[in-house]
S.K.: 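Take this structure first; my questions come after.
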Protein chains: 2
Amino acid sequence: MLLNTNPEENKESKLSPVLQLAQRFNVFFLTKLQSSYALPFIVEGYIVGLIRPDVLNTIKKSPLFKVYSDSIELTPKYGHDYETRSREIEAVINEWRKNKAFVTLNGWRDELYEVRSGFDDPPLLKMERSATCLFGIRQYGVDINGYVHHPTKGLCVWLQKRSITKQTWPGKMDNMVGGGLAVGYSVIETALKESNEEASIPEDLLANLQPVGTVSYFFESERGLFPNTHFVYDLELPLDFVPINQDGEVESFTLVTLQEALDWALAPEFKTTSCPVILDFLVRHGFITPQNEPDFPQLMELLHVPLHSIFKQITIPSSSHQ
Amino acid sequence: MLLNTNPEENKESKLSPVLQLAQRFNVFFLTKLQSSYALPFIVEGYIVGLIRPDVLNTIKKSPLFKVYSDSIELTPKYGHDYETRSREIEAVINEWRKNKAFVTLNGWRDELYEVRSGFDDPPLLKMERSATCLFGIRQYGVDINGYVHHPTKGLCVWLQKRSITKQTWPGKMDNMVGGGLAVGYSVIETALKESNEEASIPEDLLANLQPVGTVSYFFESERGLFPNTHFVYDLELPLDFVPINQDGEVESFTLVTLQEALDWALAPEFKTTSCPVILDFLVRHGFITPQNEPDFPQLMELLHVPLHSIFKQITIPSSSHQ
């Protein structure tokens, strides 16, 4: 039975704008995941990422990686502990940065991300944030939807315009507060830290912070692969509260109606990888519904793609490769 | 690279009770989907279901189905229109019922479900509800979480005890209101109809019905395959409202705290395929959180498995099989 390799694109034209957007931030999940385009990246027998052909060409030259026909394995020289793996991969990435081997490393963050199998598994190593997309490492972040019950406009939500100096997506529209899960910070610690740094939200208001789930998607750009999960929080704010940025990462904040928020999400000026969070908000608050979205079930599935099923596979010990 | 075929089961013992439950109602998605255990069921070039070996043995005897090595195709004798397909498959299913070929047909519903590719695609045929699990047809339903802000107990939710005379899951605990999407009823029409029949909810209260998303999972039981999607609604109810059943399908209703609701969902007395809806409710209302559920991202993914990606594949026209 021959199957169309990319059924999604066939009817793209007749898809709703919201579904077309959901397919854009899942371009890798929908079009390349089933192919052998990217090879599993193995650390201590666990699949922790996926590596593209363009990255493979550079990786081949380093003794730190063993390249098999069907996978690429990290083979540290001086030991099999967290610190050794982290140190040896850091050296290679620094070398790549010096040689300008990858465009994503121009956006160097000086921020370390944990590399692990499942979210509840112990980290295997830590890696500079801007390099994780080269290895297709799962990234985790926190997003906060700040909303207001407006007397005349109804439910409204705060959006931010990212600073033009940000390494990624400069000047794009984004959710009120968002940040990646860096080494040493829990989900809730990240939420509280970013709420303060990005929007100066006082502690008494943060007491209303409501965890409401996650969104997950598998995006690809010229920079690399992004199998990302965002922990989502809703936060009802008083009418008179106005977010003020402290860390210079936000140019401005604006309060918009749900229709305006949807229009922004559908516009090219919105950070593509932040769209799942605002779409999820619009669904949970009854603005995008089974009545106005023809393929509502597909939209919901594209807001929660099964990254766990992709990465949570245990391989046999590397020794048996030899 | 050898991969463990069922990574989920390896650490089942160390998984939280909630994740173990999420894996139970996704037993087919997690353990058999990747295998060739079940073959695609093709109608007019579209994959609309999956067929198990036990069903295949019976299907082989009917000229209505063409069995290939990698798929099974519906080949109606008297035409390729909706009515002809529906009529011819109905005849075969009635025959099976008479011969007691399948246990699921003992629970005959006299209720017709649409068979289609994607949710927004035109139906290809209609089929008796109790037979859809033999063909692994996607089923759609509506569930309503009726909740109350209780002055002393906090947020509480109404649960129903299913009538002991129900064809499926008799006497099990379930969500306040739920029903399948039958031929001729839209999602919202089904929600309003079931709210009235199952719980006598007056129109003025139904005005607050809030669509909040869907859950999707792929369950398997001795009866067959269940790739199901539930459209989920939340409905806040006044303290003094008590649901009253009209159609005899509910034995009783009970108002429980969120902790009691979770305890019920984890108990064997709760209808397994209704658990995704109550778990989703507990997540969206901040009771199951990233802080009390170690692998919160995996739980969210198992509440929204990508049925669309499984079924939404277009095959080449059947003619080219010959």
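Computed from a predicted structure; not experimentally measured. The sequence lines fix the lettering, A, B, ..., with proteins before strands; numbering per chain opens at 1. For the numbers below, each heavy atom of this structure counts, side chains included, while hydrogens, waters and symmetry mates do not.
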S.K.: With a 4.5 Å cut-off on side-chain heavy atoms, are Pro211(A) and Phe296(B) touching?
M.R.: no
S.K.: Can you tell which of Gly286(B), Ser69(B), Pro306(B) has the highest number of heavy-atom pairs within less than 4.5 Å of chain A?
M.R.: Pro306(B)
S.K.: Side chain, backbone, both or neither: which part of Phe119(B) has a heavy atom under 4.5 Å from chain A?
M.R.: both
S.K.: Can you tell me how far CE of Met300(A) sits from CZ of Phe231(B), rounded to the nearest 0.5 angstrom?
M.R.: 10.0 Å
S.K.: When you compare the side chain of Ser216(B) with that of Pro297(A), does any pair of heavy atoms fall below 4.5 Å?
M.R.: no
S.K.: Using heavy-atom distances under 4.5 Å, tell me whether Phe287(B) contacts chain A through its side chain, its backbone, both, or neither.
M.R.: neither
S.K.: Using only non-hydrogen atoms and a strict under-4.5 angstrom cutoff, which residues of residues 276-285 of chain A touch chain B?
M.R.: Val283(A), Arg284(A), His285(A)
S.K.: If you round to the nearest 0.5 Å, how far is CG of Asp121(B) from CG of Asp295(A)?
M.R.: 7.5 Å
S.K.: With a 3.5 Å distance limit and no angle check, can you tell me whether Glu301(B) reaches the backbone of His308(A) through a side-chain donor-acceptor pair?
M.R.: yes
S.K.: Starting at CG of Leu209(B), measure out to OG1 of Thr289(A) and round the result to the nearest 0.5 Å.
M.R.: 11.0 Å
S.K.: Please classify the contact between Leu307(B) and chain A as side chain, backbone, both or neither, with a heavy-atom cut-off of under 4.5 Å.
M.R.: both
S.K.: Hey, what do you get for CG (Asp120(A)) to NZ (Lys14(B)), rounding to the nearest 0.5 Å?
M.R.: 4.5 Å
S.K.: Does CD in Gln34(A) sit with more than 12 non-hydrogen atoms of other residues, nucleotides or ligands closer than 6.0 Å?
M.R.: no
